[in-house]
Amino acid sequence: MRYPNTRGFPDMALLRINVETPSRPYTIAIGDGVLSSLPALLDEARAPARRFVVSSPLVWRHHGEQMIDAGFGDPILVPDGERFKHLQTVARVYDALVRANADRASTLITFGGGVIGDMAGFAAASYLRGIALVHVPTTLLAQVDAAIGGKVGVNHPMGKNLIGAFHQPHAVVVDPQLLSTLPRREFRAGLYEVVKYGMTSSPGLFDRVARDRTAIFARQPDVLAAIIGESCAIKAAVVSADEKESGLRRILNFGHTAGHAVEAVTKYRRFRHGEAVAHGMVVAADLAVSRRALAERDRRALVDLIASLGPLPAIADLSAAEIVETMRHDKKVVDGRLHFVLPTAIGATTIVDDVEEEEMKAALQRVGFRR
Ligand SMILES: NC(=O)c1ccc[n+]([C@@H]2O[C@H](COP(=O)([O-])OP(=O)(O)OC[C@H]3O[C@@H](n4cnc5c(N)ncnc54)[C@H](O)[C@@H]3O)[C@@H](O)[C@H]2O)c1
Ligand SMILES: [Zn+2]
């Protein structure tokens, strides 16, 4: 697959990437300082004129002033940790919308990380059976992943993201400047998803992360815009080809089968999602090498790149058997078979459904999980 929209973007002030889903076409606008053009971008996307912003107190403290300058002064503020990602918080958004008499000619703008985007996005999907939605993501993870593709929803006490919908936004507006205040660990967690895009779809992006690491960590907006732009282009292309995740979109689950299990067995406390995915990618690469599907030097390059981005929380005390057991309950098991994304080169993957539990356990142990 080629991503023609990524050509020549590093020196462009505003990069536009089109997402063409059957439910709605929309544009991702990426640019340093693009937040000041938010009203114009909303008009261009024909986002209805009554505009409500949903954000969190923390994000608003850091960046609310820029939103006020852009004409959005009166936000609906709700808490945004993963533990607040449930229906009661969504109900607070409904309450505020009802109180303000928000009608069908309203647009809900999410201004925060993936939690705000998913929760407020779900409110937009369900309020009056659906009002317009615009995402202005403020974490790296949300900018390259959560804001694109239309998945919205909340957690249930029994499991993550069990309640949700598909609701494509009218637009996604990405300003890398917003990342200047992001804690380093959150920033790195998002960076592992960028590595994932490189590994599944783009050797160029993979190399760029390795090469520009220092500038990336210095959060140079032009360098960030380049890697965010290419990541968004990959997700946009995949989502455009497969809106509801029946085929191609599954490649974006690379590293996520083991990753989700690692998060679950540690009760979502030890790892940021991206950190668990980083471990998961290493497991998948190890399994791929053992099947001779991937060259050892490509596995080494992945392991080295991940290591160069900083330390990951430890896995040595986590049982491989327990991880495998948890995988069995994963959504990616269809008819008792585990659908698993195997890397075949840097920038290429294949999906297999014949991974045996013993084979998985062996790979987990080789990368450092205990028996
Ligand atoms: N819809 C999708 O397709 C999709 C894809 C991937 C992840 N997700 C969801 O996204 C969520 C994770 O998103 P996340 O990693 O952005 O976490 P998050 O939204 O919890 O944000 C992480 C932390 O960063 C803070 N923060 C946000 N922006 C900031 C900024 N600019 N400066 C300083 N602090 C800032 C937040 O207040 C929060 O404490 C998960 O719930 C996951 O399920 C959804
Ligand atoms: Zn992910």
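Counting starts at 1 for both ligands and their atoms, following the listed order. Count residues from 1 along the sequence. The basis for the numbers below is simple: all heavy atoms, side chains too, and nothing from hydrogens, waters or symmetry mates.
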- Task: Please work out whether the ring planes of H279 and F271 are parallel, tilted or perpendicular, with thresholds of 30° and 60°.
- Result: perpendicular
- Task: Answer yes or no for R51 and F72: cation-pi contact, defined as NZ/CZ to six-membered ring centre under 6.0 Å and angle to ring axis within 45°.
- Result: no
- Item | Which atom of I251 lies closest to which atom of S201, heavy atoms considered | CD1-OG, 4.0 Å
- Message: So if I only count non-hydrogen atoms and take anything under 4.0 Å from ligand 1, which residues does that give, chain by chain?
- Response: L58, V59, H62, H63, D80, E82, K85, G113, G114, V115, D118, T138, T139, L141, D145, A146, K151, K160, N161, L178, T181, L182, P183, E186, K235, R272
- Query: Within E193, is some N, O or S atom less than 2.8 Å away from the Zn ion (ligand 2)?
  - Reply: yes
- Query: Any side-chain heavy atom of C232 sitting closer than 4.5 Å to one from I148?
  - Reply: yes
- Message: Is it true that, when you exclude R185 itself, more than 12 heavy atoms of the residues, nucleotides or ligands shown sit nearer than 6.0 Å to its CZ?
- Response: yes
- Under a 4.5 Å cut-off applied to non-hydrogen side-chain atoms, are D353 and F340 in contact? no
